[in-house]
Amino acid sequence: GESVGLHLPTLSVQEGDNSIINCAYSNSASDYFIWYKQESGKGPQFIIDIRSNMDKRQGQRVTVLLNKTVKHLSLQIAATQPGDSAVYFCAETGGATNKLIFGTGTLLAVQP
Amino acid sequence: GAGVSQSPSNKVTEKGKDVELRCDPISGHTALYWYRQSLGQGLEFLIYFQGNSAPDKSGLPSDRFSAERTGGSVSTLTIQRTQQEDSAVYLCASSLALYRANEKLFFGSGTQLSVL
């Protein structure tokens, strides 16, 4: 079936550096993408979303890039902080479905 | 409340028992989802409710799983004759569904189910 996968299961960065978390998706019909952050013991928290008619969207310290040609999504976190340590999930949906398909997640570990 | 509320936060049960998990969505949110998350894994879609429409049950893993949503608000996920493989975190999410139901889902903290 359709799936969303992540290139790196674990990402370790130094505090203050920029982080880039990557995601590949396989459904070319997907037209809406979301990044979620999940801290230990908590539910996923919405970070930022992007529609397929956009290539880039910026939030506070976060930027999502969408490359539809290669079906690739990335989340960039500027000036990574210890509080950014969490598992990050990308999710996709499109067409007639009401489901969000989640990837397996990337663990971001911020080193002081 | 301000967010999605789930209860209980933890549930330990014996194999073969039935369990009920509760979800209170954000007030005014018309769409409600249940997901399951096994340890270290992604989220697995279970079921979706939207207004008065028939629920999308396509993600329920077996007929031991059922869910209902009363009055368009509170939802209950029921697992009958629990098995050890049912052990997971069960997450509920809701959305305002202004454009599409699956946009900007807000999740609760989940119920950790442990089947002994």
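Shown here is B/N52, whose CG atom has no more than 12 heavy atoms of other residues, nucleotides or ligands within 6.0 Å.
No side-chain heavy atom of A/L100 sits under 4.5 Å from any side-chain heavy atom of B/Y33.
Linking Ile, Leu, Val, Met, Phe, Trp and Tyr residues whenever their side-chain heavy atoms come within less than 4.5 Å places A/M54 and A/I47 in a single cluster. Note: the hydrophobic cluster containing A/L65 does not contain A/L11 (ILVMFWY, side chain heavy atoms under 4.5 Å, direct or indirect links).
Contact residues of residues 76-91 of chain B toward chain A are B/L91 (heavy-atom distance under 4.5 Å).
Neither the backbone nor the side chain of A/Q45 comes within contact range of chain B; no heavy atom of the residue lies under 4.5 Å from a heavy atom of that chain.
Going from atom CD1 of A/I101 over to atom CD of B/E44 covers 12.5 Å, rounded to the nearest 0.5 Å.
Here the closest non-hydrogen pair linking A/Y32 and B/K104 is OH-N, 3.4 Å.
In this structure, A/Y36 and B/F107 have perpendicular ring planes: the angle between them is above 60°, well past the 30° mark.
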